[in-house]
K.L.:
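Below are the C-alpha cells for one structure; questions will follow.
A, B, ... follow the sequence lines: proteins, then strands. Residue 1 opens every chain.
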Number of protein chains: 2
Amino acid sequence: MARPREFDQDKALEAAMDVFWEKGFEAASLSDLTARMGIQRPSLYSAFGDKKGLFEAALRKYTSSHAAYVRGSLHKHSSVKEAFRTFFEDVVSKEYEKSPSTGCFCINSMVELAAHDEKFEILTREHQMYLSVIFQETLERGIQSGELDAGINAKNLAQTLVISLIGLTVFLKSRPDRVVIDNFVKQILTLVTIS
Amino acid sequence: MARPREFDQDKALEAAMDVFWEKGFEAASLSDLTARMGIQRPSLYSAFGDKKGLFEAALRKYTSSHAAYVRGSLHKHSSVKEAFRTFFEDVVSKEYEKSPSTGCFCINSMVELAAHDEKFEILTREHQMYLSVIFQETLERGIQSGELDAGINAKNLAQTLVISLIGLTVFLKSRPDRVVIDNFVKQILTLVTIS
DNA sequence: ATTATTACATACCGATCGGTATATTATTAA
DNA sequence: TTAATAATATACCGATCGGTATGTAATAAT
C-alpha cells in the first residue's frame, strides 16, 4: 500500500548496537549512528522513535543474543565444571584479543544509565537475573549427573557467579596483568568444585 | 604580584568531582561544572586546563581519598574478618540508602573511558591494584595475629576480593533484591575464613 | 492511470556543546 | 603612584548536538 522500506531494519539495529556498545549512549552521536547504519535520520526516527528508543532496542537485541550465547556456551560440554571453566576463560581471552576491549554492552549500560533511568535499571537487572537462572540450571544439571555435590545451593552459587562475572568483565577494561585475572578465574571455579 | 584567586581550588575540584561522579564525563557539561563549582569558565580553564584535565584531577582526588577511606575502614576492627565484613556491608547499605546510587567514581570511569584512553586505563587499573595491596596487608595482619590460616595466599585472595568488590558495586547500580546481594557478601566473606 | 500512503534525501531548526577573546578589576612590586 | 601581572566577568566563537519540515520517489489499492 506504500513504498517499502529499503534497508534491513535488523541489520541497521545491529549496526546501532555496535556503535552504542563501543561508545556508550552519550558519546554516540546521531551522525555516528546513521553513518554506520547506512540510513538517513528521518528513516532512523520513523523506525526507532528517538535516540533513547533506538538505544533501548539495541540493548534488548544485545541481551537476548547474549543470553543465547551464554546458554549455548554452557551446553557445549557435558561436564559442568568444564563448561564453566571454558566459559570464563573465553570471556577473558576474547577481551584481551580485542582492542579496544568492548566489555559487555549490558554492563556498560548499567553503569552509564541504570542509576538515572528506571527503565534501564530494570532492563539491566533482569538480564543479570536471567543469566543467573542459566547458571543455576547448569549447576543443577551437574548435581543431577552426580558431578557436583548435592549439598551446594545452586541458586546462591549462580548469583555469586554472575556478580563475579560482572567484576571480571569490568576489571578487564583496565587491562590488568593476566596473572591477576587467571588467579581470579581459578578461585571462582573453585567455588563450583567445592561449595 | 598579581590578583589572588578568589575561589578555593580544592573546594572547586571537589564540586567538579561530584558532578563527574554523578553524570560521567560525557554527560557533564561545562555549564553543569561551572555552576556547581561556583566559578566562571575562564577560571576553570586557567586552573585545570580543559575538561579532560579537570576530569583527571577530579579522578585523582577521588582515588586518593577513596584509598584513604578503605584503609581507615579496614583498620577500625582488630579482627580482620570483622573488618572485611563491616567494610562490605557498609558498601552495600550506603548504596541502597543513596538515590540515585552513585557507585564508585573510579569504576564508572573505568567503564566509560578506560577502553578508549590509555591514561585512564592506567589510572583506574592502578587504583584497583592499590586497593588490592591494602586488602593484602589487612589479610597479612590477620595471618600474623593468628586469626587467619597461615596457609592462605594473601595476595591472590586480595585480588579476588577487589574484583568481587567491583562486581558488587556495579551490580548495585541496578538495585537488585537485597537477598541476592547479602548472599554474595556472605559467600565472599567465606573466602576470607576458609581459604 | 489515479490516488493514497509511506520511505527517501536534503536541508534546515534552535539549543547547546567545549573553548576563548576581550576588557575590567584587584593585587603586588617598584 | 605607576607598572606589571593575573584573576575575574561578559560576551562571543564555530561546531555539533538531537530532532524535524519539506519535497520527491516508489509502491499498492482502486
K.L.:
Within this structure, what is the CG-to-P distance between L44(B) and dA9(D), rounded to whole angstrom?
P.N.:
13 Å
K.L.:
When the distance from CZ of F55(B) to P of dG19(C) is rounded to whole Å, what number comes out?
P.N.:
14 Å
K.L.:
Is the closest side-chain heavy-atom distance between D90(A) and F87(A) below 4.5 Å?
P.N.:
no
K.L.:
Is the F55(B)-F48(B) ring centre distance short of 6.0 angstrom?
P.N.:
no
K.L.:
Ring centroid separation for F135(B) and F84(B), is it under 6.0 angstrom?
P.N.:
yes
K.L.:
So, is S43(A) close to the dA7(C) phosphate, meaning a side-chain N or O under 4.0 Å from OP1 or OP2?
P.N.:
no
K.L.:
Taking the side chain as C-beta and beyond, is there a heavy-atom pair between D177(B) and M129(A) under 4.5 Å?
P.N.:
no
K.L.:
What does nucleotides 12-18 of chain C look like as a protein-contact string, B for base, S for sugar-phosphate only, - for none, at under 4.0 angstrom between heavy atoms?
P.N.:
-----SB
K.L.:
5'-most contact on DNA chain D: Q40(B) or P42(A), nearest heavy atom basis?
P.N.:
Q40(B)
K.L.:
Taking the side chain as every heavy atom from C-beta outward, state whether T124(B) and K173(A) have any atom pair closer than 4.5 Å.
P.N.:
no
K.L.:
Return the nucleotide paired to dT30(D): Watson-Crick means purine N1 to pyrimidine N3 with N6-O4 or O6-N4, wobble means G-U with N1-O2 and O6-N3, both under 3.5 Å.
P.N.:
dA1(C)
K.L.:
If we ignore angles and hydrogens, is there a donor and acceptor under 3.5 Å between the side chains of R71(A) and T138(A)?
P.N.:
no
